[in-house]
Amino acid sequence: MFLFQQYDSFWIFLLVSLFIPFLAFSISRFLVSNKDGPEKLANYESGIEPKGNTWVQFQIRYYMFALVFTVSDVETVFLYPWAIAFEKLGLFAFIEVIVFILILIVGLVYAWRKGALEWS
Amino acid sequence: MEFTSSFSKDYVIFHKYAGPLGIIQSLADGIKLLLKEDIIPTGSNAWLFTIGPAIVVIPVFLTYLVIPFGQNIILANLNIGVFFWIAISSVVPLGLLMSGYGSNNKYSFLGGLRAAAQSISYEIPLALCILSISLQCERLPFDLPEAEEELVAGYQTEYSGIKFALFYVGSYLNLLISSLFVTILYLGGWKSSIPFVENFIQNISINYGINESFDVLKPVLDIFTTLSKSYLFLFISILTRRALPRVRIDQLLDLGWKFLLPIALGNLLLTASFQILSIN
């Protein structure tokens, strides 16, 4: 029907799964009356008035984790085809992959020692 | 299921009022949440706020597409199979970030960031372990890297009603999916672990002259085996979740990056070398 034939059920399933939350939201919206109170729309801060700006300063450690994740993710993507075609590729490819992983392990150890993986 | 097993541990008779075995309890909770008013806080980004929970839950639904419940009982036999799951579940941290940012609340924002950091930290060991499996099935010891996500209430504080329910639905479905994957990849899927039981049943049905019924019975058996194995794993997950204290966020991230990632890499190289040795 579409481009790849085996993915037909995927598209249909995607449509159904998009529909389910939409259905849930619609039912909620139609069934429930919205009563407005004075404080209802205010934000929650353990029962007191919200103080200060909403958007706090972004801490660098989130960025560090995301960066290490990106590098490792790209590494895994490169390893996928090797793992699938493993038998045909033989010993030489295995040695190459070990070298590849070793380079990335050096990077990971560097990041670790430098404190990129600390949550302090 | 979580309610019945956890409450039987705590001797709370909470579920007695809601129908036999408390099954209806979860349904009642769901319906109650459906009827709750949907509040969008002031100053929040209404679009992100609404779409966030949907994006968290949709990839989980989509993953059911590729799980085999029996020999050929699968909704879509994609030849990328399990990598589809890993790829689709990478969308979930995006939904978490949207929910956290979209609520106009600094604690939600922080909570969302933390939840996203946790999600991505555990994807790498998962992907590496799946790779090791594709090198050699059946050989691996039971090494599930993906800890079930603990709900950081932070990013959920501003959600009421059905959006809240969606988060819960998503996380429980995710738990179910992980159990199913573990069952299929590690515990042998739909093959019955009791030896010879399939032959036994086949013999019985042939002896009684109902040849065709075995062809019908077999998929049912397969599905039953898959579901019971994943039920076992689900039970263990829920039990550990209730029995152990919550892990601190930095302990959790340490565990993911410093312990599981080297082990997953080592596992990968180890299985690869075994395969090489067995080929030569």
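Below, chains carry the letters A, B, ... as their sequence lines are ordered, and counting in each starts from 1.
- Looking at A:I101, only its side chain comes within 4.5 Å of chain B, counting heavy atoms on both sides.
- The environment of A:F78 atom CZ is sparse: at most 12 non-hydrogen atoms of other residues, nucleotides or ligands sit within 6.0 angstrom.
- Of the inter-residue distances, the one linking B:I58 atom CD1 with A:I20 atom CD1 reads 9.0 Å to the nearest 0.5 angstrom.
- Closest non-hydrogen pair, A:F13 versus B:F61, comes out as CE2-O, 2.9 Å.
- The CZ atom of A:F10 lies 5.0 Å from the CD1 atom of B:I88; values are rounded to the nearest 0.5 Å.
- With a 4.5 angstrom heavy-atom cutoff, A:V16 does not touch chain B via any of its atoms.
- Interface remark: A:F94 contributes side-chain atoms only to the contact with chain B (heavy atom separation under 4.5 Å).
- Under the rule for a side chain to side chain contact (heavy atoms under 4.5 Å, CB included), the partners of A:F19 that lie at least two apart in sequence or sit in another chain are A:F22, A:L23.
- Looking at A:L18, both its backbone and its side chain come within 4.5 Å of chain B, counting heavy atoms on both sides.
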